[in-house]
Visitor: 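Next up is a structure, given as structure tokens.
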Amino acid sequence: MRSPDKYELVSELARRRGFFWPACEIYGGVSGFIAFGQLGTVLKRKIEDKFRERFLRRLGLYEIESPIILPGRVFEASGHVENFKEPMVECTRCKRKFRADHLLQESAGISSTEAEKMTLEEIGEAMESRGVKCPECGGDLAEPRYFLTMFQTTIGPYAEAVGYGRPEAAQGIFVEFRRLYEQARERLPMGVAQIGHALRNEISPRQGPIRLREFTIIDLEFFFDPEKPGCPLLGEVENEVLRLIPAEVRLKGSEEPIEITVKEALEKGYIKMEWLAFFMALAKRFLVELGVPEDKQRFIEKLAWERAHYSAQGFDQEVYLDRWGWTEVSGHNYRTDFDLKSHMEESGVDMRVFKEEGRVVERVETSVKPKMDVIGRDFRGDAPKVARLISKTSPEELEKSLEERGFYTLEGYKILPSHVEIVRKKRVERGRRFVPHVIEPSFGSDRLVYVVLEYAYTKKGSRTILKIPRDLAPIEVAVLPLVSRDGLPEKAREVHSTLISEGFLAEYDESGSIGRRYARFDEVGTPICITVDYQTLEDETVTLRDRDTWEQVRTEIGRLPQLLREYFRWEREFKDLGTPYRKP
RNA sequence: GCGGUCGUAGUCUAGCCUGGUCUAGGACGUCAGCCUGCCACGCUGAGGACCCGGGUUCAAAUCCCGGCGACCGCACCA
């Protein structure tokens, strides 16, 4: 018999202990949607908080929250309406649906790159001319139609107001760029993140939390001046070793990662932008802190035809999973100015920023100033109108006409040199306007939850221990009376409520034997169990038990809050939480 | 979407082929009580399931059809 793989073990535990499970089970479940339980929700939040700590707080970047549903034009501009779809074709007889491009590939021998480039009409024509029939019943196929993988809806009661559920949180940032830039006091580089739900109507989602129709995306859009692409923080990561599979290596047919420092990867041109490399290095460290060893991570460069429509260079950060092998946990794309430019064109709003610069360009500007005293005398009541017309006219044209012909005609009014004064002003341009470029690291937080659980899942004999990194544990400490009598429960409740008011995620449990309770808390990854025993009643000390080694130390109750705080910040190790304790 | 396998308490499973004896059995977990002096102790008790819908039949967990879902393979994953 096949032994269950880690996915099976982890999802069984996740369901049983309240991390996550398929949503809507009472109605049979819907694939592509999951619910997070009490432990999963806290774990997920702690993972996202770690992202906030590592990518936002430390770098001084911002987080925003914008709508999940956005008007159709946003996604027309972003290119999603155009690109986020697959050609489908229906059999007129048996009503089965197929991927039109795949049918073509299979039955007409057209390569996938070729098929991908074809328009809907071309696919339809090709299918007809080659006589492609339904592979199931041999019936005639209807005209191919696109299946949009965005969720479409209507906004308000008017059916014309089409809206879409966002397939990424990024557009919410681009759309608000002008205000965000202003609020960042017009400084570049600037990074804005958004952690929120995104929707993709996947054709066939599988794999539990790995591929969902509704999921939480962590998008960070980092804006910078394309003429100043250097990353001043590079020094912090330049010696970080990345396991990289560059496109050129893949094209030679190899998927063997090369181990290379960030610095070298930039020098050799594998990674084109410093900021891209910088965030990849942070992403690697982030995953290490989530419990994934370096050799279980790699970055694989996307080939030109695999990349999203907005991407000029892209790497997927992959983590090795027991069941699915190398699995994407984050994407790192150089989006250039694609998105801001597209929104600029669609909306007509200028998305450019202005930057002052060292080089100064001088230009002489000519303007025409109406002489109101003369105009008033000559035109009387029409004077204001004439003045307005003059200031709207091109100064160059007016000046030229006055020089060559001695007058200029404006809607029937004859303008003479005496009516105007030609003013020449030197204009100094101190900068330039440009559309910022964007580097985007993007994580799927549901996948990260799963990854943390899979890497934390360990067995000790028949017992399961979730070795979740201590700062991510959904229950941080458990307070347990050794036995449930003789005043021990009362004392333990006291310790518990102290820890609660000190801000710890603490649980109290007195049911069953002490060993059973230790086992229960091991299984949900609680790093420390505090046991109140008879000695506690005499000298106000308790034992602390380490989840991973089962070792114990003894400490005074009064020192717990401070010691534990240091422990959870990784400033103190378990053995330094007290004096070694051996059971009597 | 396609093909294959499958769907019984919180979890794992017996029963299904050969319809009735199933008021659906067990183990673990959960809850209550007793017990309990450091790693799932023991005892007593409680609660908890045939995926949904149709059909065949005197009778369906069991046979048939459809749906939904899960897993594996193919495809997809911007």
Side-chain angles (χ1 to χ4, degrees), chain A residues 2 4-5 7-9 11-18 21-33 37 78-80 82-86 88-91 96-103 105-106 112 116 134-136 147-150 167-168 200-208 210-213 215 302 305-311 314 316 323-324 327-328 331 333 442 444 460-465 480-486 488 510-523 529 531-536 543-545 547 550-552 554 581-584:
Chain A
R2 187 177 62 95
D5 62 21
Y7 171 73
E8 227 168 309
L9 296 167
S11 20
E12 191 265 310
L13 176 69
R15 198 163 41 227
R16 197 158 43 78
R17 300 308 305 266
W21 56 84
C24 213
E25 282 177 311
I26 62 163
Y27 288 107
V30 239
S31 75
F33 298 88
S78 70
H80 285 91
E82 182 58 31
N83 293 287
F84 230 72
K85 60 189 180 186
E86 309 293 349
M88 304 289 287
V89 70
E90 194 183 42
C91 171
R96 275 182 237 259
K97 293 184 180 70
F98 306 92
R99 281 285 300 264
D101 52 339
H102 294 162
L103 274 190
Q105 284 171 44
E106 285 162 28
S112 66
E116 236 160 70
C134 171
E136 285 303 313
F147 170 70
L148 190 68
T149 42
M150 282 194 291
E168 55 169 13
R200 295 181 186 184
N201 203 357
E202 299 280 355
I203 296 172
S204 106
R206 292 251 180 100
Q207 311 164 339
I210 301 298
R211 238 175 97 217
L212 296 166
R213 289 191 167 117
F215 59 102
K302 303 296 266 183
W305 56 86
E306 295 172 337
R307 280 199 302 263
H309 59 277
Y310 48 71
S311 175
D316 278 354
R323 174 174 286 199
W324 296 293
T327 306
E328 178 189 352
N333 282 293
S442 170
K460 185 163 183 164
S462 64
R463 293 195 15 189
T464 302
I465 304 178
L480 318 168
L482 185 61
V483 293
S484 54
R485 54 175 161 79
D486 304 330
L488 264 47
E510 62 168 64
S511 81
S513 73
I514 188 70
R516 185 193 211 76
R517 282 173 275 158
Y518 286 151
R520 255 203 294 260
F521 285 104
D522 282 347
E523 202 184 40
C529 285
T531 304
V532 168
D533 58 15
Y534 286 96
Q535 194 181 328
T536 310
T543 65
L544 307 191
R545 168 193 176 273
R547 172 192 72 195
W550 296 8
E551 278 165 17
Q552 286 181 287
R554 187 166 269 279
Y581 174 75
R582 294 270 169 275
K583 64 180 173 183

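The chains referred to below are lettered A, B, ... by the order of the sequence lines, with proteins before strands, and numbering in each begins at 1.
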Visitor: Ignoring backbone atoms, establish whether A/Ser513 has a side-chain N or O less than 4.0 Å from OP1 or OP2 of B/rC41.
Guide: yes
Visitor: Whole Å only: how far is the CZ atom of A/Arg517 from the C1' atom of B/rC35?
Guide: 13 Å
Visitor: Only pairs with both distances under 3.5 Å count, Watson-Crick or wobble alike; so what is the partner of B/rG66 in this structure?
Guide: B/rC52
Visitor: Could you check how far CZ of A/Arg582 sits from P of B/rC39, rounded to whole Å?
Guide: 13 Å
Visitor: Which of the following nucleotides, B/rC72, B/rC38, B/rG69, is nearest to the side chain of A/Trp324?
Guide: B/rC72
Visitor: Quick one: on RNA chain B, does A/Lys302 or A/Arg15 contact a more 5' nucleotide (nearest heavy atom)?
Guide: A/Arg15
Visitor: Using the C1' atom in both, what is the distance from B/rG48 to B/rU11, to the nearest Å?
Guide: 12 Å
Visitor: Among the candidates B/rU36, B/rC41, B/rA40, find the nucleotide nearest to the side-chain atoms of A/Arg463.
Guide: B/rA40
Visitor: Please determine whether a side-chain nitrogen of the Lys or Arg among A/Glu8 and A/Arg323 lies less than 4.0 Å from a carboxylate oxygen of the Asp or Glu.
Guide: yes
Visitor: Are the aromatic rings of A/Trp550 and A/Tyr518 close, with centres under 6.0 Å apart?
Guide: no
Visitor: If I pick the C1' atom on B/rC52 and the same atom on B/rA46, what distance separates them, to the nearest angstrom?
Guide: 30 Å
Visitor: Are A/Arg17 and A/Thr464 close enough that a side-chain donor and a side-chain acceptor fall under 3.5 Å?
Guide: no
Visitor: Rounding to a whole Å, what distance do you find between A/Asp316:CG and B/rC76:P?
Guide: 16 Å
Visitor: Please determine, for B/rU30, whether a Watson-Crick or G-U wobble partner exists with both distances under 3.5 Å, and give it or none.
Guide: B/rA46
Visitor: Considering only atom C1', compute the distance from B/rG7 to B/rC50 and round it to an integer number of Å.
Guide: 10 Å
Visitor: Sort out the partner of B/rC41 for me: Watson-Crick or G-U wobble, both distances under 3.5 Å, none otherwise.
Guide: none
Visitor: Which residue in the set A/Lys460, A/Arg517, A/Arg16 passes salt bridge (charged side-chain N to carboxylate O under 4.0 Å, His left out) when paired with A/Glu523?
Guide: A/Arg16
Visitor: Starting from C1' on B/rC35, measure out to CG on A/Leu488 and report it in whole angstrom.
Guide: 16 Å
Visitor: Please measure how far the C1' atom in B/rG19 lies from the corresponding atom in B/rA24, and state the result in whole Å.
Guide: 14 Å
Visitor: Which part of the nucleic acid does A/Glu306 contact within heavy-atom distance under 4.0 Å: base, sugar-phosphate only, or nothing?
Guide: sugar-phosphate
Visitor: Nearest to the side chain of A/Trp550, which nucleotide is it out of B/rC71, B/rC38, B/rC39?
Guide: B/rC39
Visitor: Which part of the nucleic acid, if any, lies within contact of A/Thr543, taking any heavy atom under 4.0 Å across all strands shown: a base, the sugar-phosphate backbone alone, or nothing?
Guide: base
Visitor: Please pick, from B/rA70, B/rU11, B/rG37, the nucleotide with the shortest atom-to-atom distance to any side-chain atom of A/Arg485.
Guide: B/rG37
Visitor: For B/rG67 versus B/rU23, give the span between their C1' atoms, rounded off to a whole number of Å.
Guide: 31 Å
Visitor: Can you identify which nucleotide, out of B/rU30, B/rC38, B/rG10, has its nearest atom closest to the A/Arg520 side chain?
Guide: B/rU30
Visitor: Of the nucleotides B/rC35, B/rC77, B/rC38, which has the atom closest to the A/Glu202 side chain?
Guide: B/rC77
Visitor: Is there a Watson-Crick or G-U wobble partner for B/rC58 with both distances under 3.5 Å, and if so, which one is it?
Guide: B/rG20
Visitor: Map A/His80 and A/Thr464 onto RNA chain B by nearest heavy atom, then report which one ends up closer to the 5' terminus.
Guide: A/Thr464
Visitor: NA contact type, A/Tyr7, heavy-atom cut-off 4.0 Å: base, sugar-phosphate, or nothing?
Guide: sugar-phosphate
Visitor: Identify the nucleotide, in any strand shown, that forms a Watson-Crick or G-U wobble pair with B/rC74, with both distances under 3.5 Å; if there is none, say none.
Guide: B/rG1
Visitor: Heavy atoms only: give me the nearest A/Cys529-A/Phe521 pair and the separation to one decimal.
Guide: SG-CB, 3.9 Å
Visitor: Taking all non-hydrogen atoms of both residues, which atom of A/Gly331 and which atom of A/Asp316 are closest, and how far apart?
Guide: CA-OD1, 3.9 Å
Visitor: Quantified in whole Å, what is the P atom distance between nucleotide B/rU21 and nucleotide B/rC39?
Guide: 48 Å
Visitor: Flag the pair A/Arg213 / A/Asn201 as yes when at least one side-chain heavy-atom distance between them is below 4.5 Å, and no otherwise.
Guide: yes
Visitor: Between B/rG66 and B/rC2, how far is it from one P atom to the other, in whole Å?
Guide: 12 Å
Visitor: Shortest non-hydrogen contact from A/Thr536 to A/Thr531?
Guide: OG1-O, 4.4 Å
Visitor: By the 4.0 Å heavy-atom rule, please label A/Ser311 as base, sugar-phosphate, or nothing.
Guide: nothing
Visitor: For B/rA32 versus B/rU13, give the span between their P atoms, rounded off to a whole number of Å.
Guide: 28 Å
Visitor: Measure the distance between the ring centre of A/Tyr534 and the centre of the six-membered base ring of B/rG37, then answer whether it is under 5.5 Å with planes under 30°.
Guide: yes
Visitor: According to the interplanar angle, ranging from 0 to 90°, do the rings of A/Tyr310 and A/His80 count as parallel (below 30°), tilted (30 to 60°) or perpendicular (above 60°)?
Guide: tilted
Visitor: Send over the distance from A/Asp486 CG to B/rU36 C1', rounded to a whole Å.
Guide: 11 Å
Visitor: What nucleotide among B/rC31, B/rU36, B/rU11 has an atom nearest to a side-chain atom of A/Ser511?
Guide: B/rC31
Visitor: Between the base of B/rC39 and the side chain of A/Asp522, is there a donor and acceptor pair under 3.5 angstrom?
Guide: no
Visitor: Determine if A/Tyr518 stacks with B/rC38; use a centre-to-centre distance below 5.5 Å and an interplanar angle below 30° as the criteria.
Guide: no
Visitor: For the pair made of CG in A/Asn201 and C1' in B/rC77, what is the distance, rounded to whole Å?
Guide: 13 Å
Visitor: Which is true for A/Ala519 with a 4.0 Å heavy-atom rule: it touches a base, it touches only sugar-phosphate, or it touches nothing?
Guide: base
Visitor: Rounded to the Å, how far apart are A/Glu12 CD and B/rA9 P?
Guide: 13 Å
Visitor: May I have the distance from A/Leu482 (atom CG) to B/rU36 (atom P), rounded to whole angstrom?
Guide: 12 Å
Visitor: When only distance counts, do a donor and an acceptor, one from the side chain of A/Gln552 and one from the base of B/rC38, lie under 3.5 Å apart?
Guide: yes
Visitor: Between the side-chain atoms of A/Arg211 and the base atoms of B/rC76, is any donor-acceptor pair under 3.5 Å?
Guide: yes
Visitor: Quiz question: going by heavy-atom distance under 3.5 Å, is there a donor-acceptor pair between the base of B/rC39 and the side chain of A/Arg516?
Guide: no
Visitor: Examine the base of B/rC77 for any acceptor or donor lying under 3.5 Å from a partner atom in the side chain of A/Arg200, and report the outcome as yes or no.
Guide: no
